[in-house]
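Have a look at the structure below, then the notes.
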Amino acid sequence: MRLLLVEDDDHVAAALSAVLAKHGFAVVHARNGEEALRALLPDDRAPKEPFGVVLLDLGLPDQDGYEVCGKIRKRTAIPVIMVTARADVRSRIHGLNLGADDYVVKPYDTGELLARIHAVSRRTTTGEDTGAIPAVALRLGRVRIELPTRRVSVDGECVQLTRKEFDLLALLAQRPGVVFRREQIISEVWRTSWEGTGRTLEVHVASLRSKLRMPALIETVRGVGYRLVAPAAL
């Protein structure tokens with residue numbers, strides 16, 4: 001798999017590229033945002049295998065990493081993993097809102113990073129279905145979820161969700177009131193059993209509550225997981 005590594009520190013990039021190469025990745029290194037965006041442009045003169053993942057460091061010298069992520073998402077659906085020292089939830093939610101598929105906080109374990117890369121790269125090119133979503137629309141009080149078009153609206157107003165946010169909401173919405181274990185959600189939405197994905201799940205739930213402006217819609221069941229509260233109970 002080809003991987004685009006966006007990292008301004010050559011020493012960090014060299015070390016990480018060597019590790020990734022040992023695990024079968026063909027790494028292309030971009031030192032800044034402009035190089036990254038150019039690398040994603042198609043080249044008709046010398047067609048190459050498309051990138052499977054973009055590993056994007058947010059501390060870039062020429063552009064804000066969040067800005068680069070937004071530009072990448074406008075051009076392509078390639079999975080983007082943000083890498084940053086900013087550990088607060090608000091920063092992670094902001095990155096996910098811009099279209100990032102995952103978020104890794106420095107310092108990170110190499111095994112953790114590899115697991116996240118493999119997890120986001122498992123998605124299909126047609127849009128990360130959970131595999132069990134029927135071709136219908138769901139109506140949950142003020143919320144309407146159109147499964148075939150992956151469109152969500154609240155009171156008729158469209159809400160922009162990332163791929164994983166939609167998959168998470170669709171999974172919970174198909175069985176309102178039923179508690180989904182964290183492990184089950186991670187398995188069906190992220191297609192992995194890796195425990196480290198749990199923190200990513202929490203961030204996605206927080207982002208959904210914020211975007212839908214309905215904090216009580218998704219309830220945390222302490223020590224178990226999450227459930228979507230039946231609209232009549234809201």
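Across H29 and E7, no two heavy atoms sit closer than the pair NE2-O, 2.6 Å. For the residue pair L171 and F180, the shortest heavy atom distance occurs at O-CZ, 3.5 Å. Counting all heavy atoms, side chain and backbone alike, Y108 lies closest to L113 at CE1-CD2, 3.5 Å.
The pair E202-R182 counts as a salt bridge, with a side-chain nitrogen and a carboxylate oxygen less than 4.0 angstrom apart. A salt bridge does not link K164 with D102: none of the charged nitrogens is closer than 4.0 Å to a carboxylate oxygen. At a threshold of 4.0 Å, the pair R116-D109 does not count as salt-bridged, since none of the basic side-chain nitrogens sits closer than that to a carboxylate oxygen.
Of the candidates V28, V27, L56, V27 is the only one forming a side chain to side chain contact (heavy atoms under 4.5 Å, CB included) with L5. Looking at D9, D62, D8, D10 one by one, the single match for salt bridge (Lys or Arg N to Asp or Glu O under 4.0 Å) with R31 turns out to be D10.
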Steps toward side-chain contact (heavy atoms from CB on, under 4.5 Å) verdict (I218, H204): CA-CA 11 Å; I218 301 176; H204 278 72; over 6 Å; no
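Using a 4.5 Å heavy-atom cutoff, the side chains of Y226 and L201 are in contact.
Note that CD1 of I81 and CG of D57 are 13.0 Å apart. Values are rounded to the nearest 0.5 Å. Note: L55 CG to L3 CG = 5.5 Å, rounded to the nearest 0.5 Å.
Among residue pairs with one or both ends in residues 56-83, those qualifying as ring pair (Phe, Tyr, Trp, His ring centres under 6.0 Å) are Y66-H94; sequence neighbours excluded.
Under the 4.5 Å side-chain contact rule for hydrophobic residues, V224 and L228 do not share a cluster. Linking ILVMFWY side-chain heavy atoms closer than 4.5 Å, directly or via other members, places V12 and L60 in two distinct hydrophobic clusters. No chain of hydrophobic side-chain contacts below 4.5 Å, direct or via other Ile, Leu, Val, Met, Phe, Trp or Tyr residues, connects V221 to V229.
Under a 3.5 Å cut-off, the side chain of R73 and the backbone N or O of T76 do form a donor-acceptor pair. Remark: the backbone N or O of I145 is not paired with any side-chain donor or acceptor of R150 at under 3.5 angstrom.
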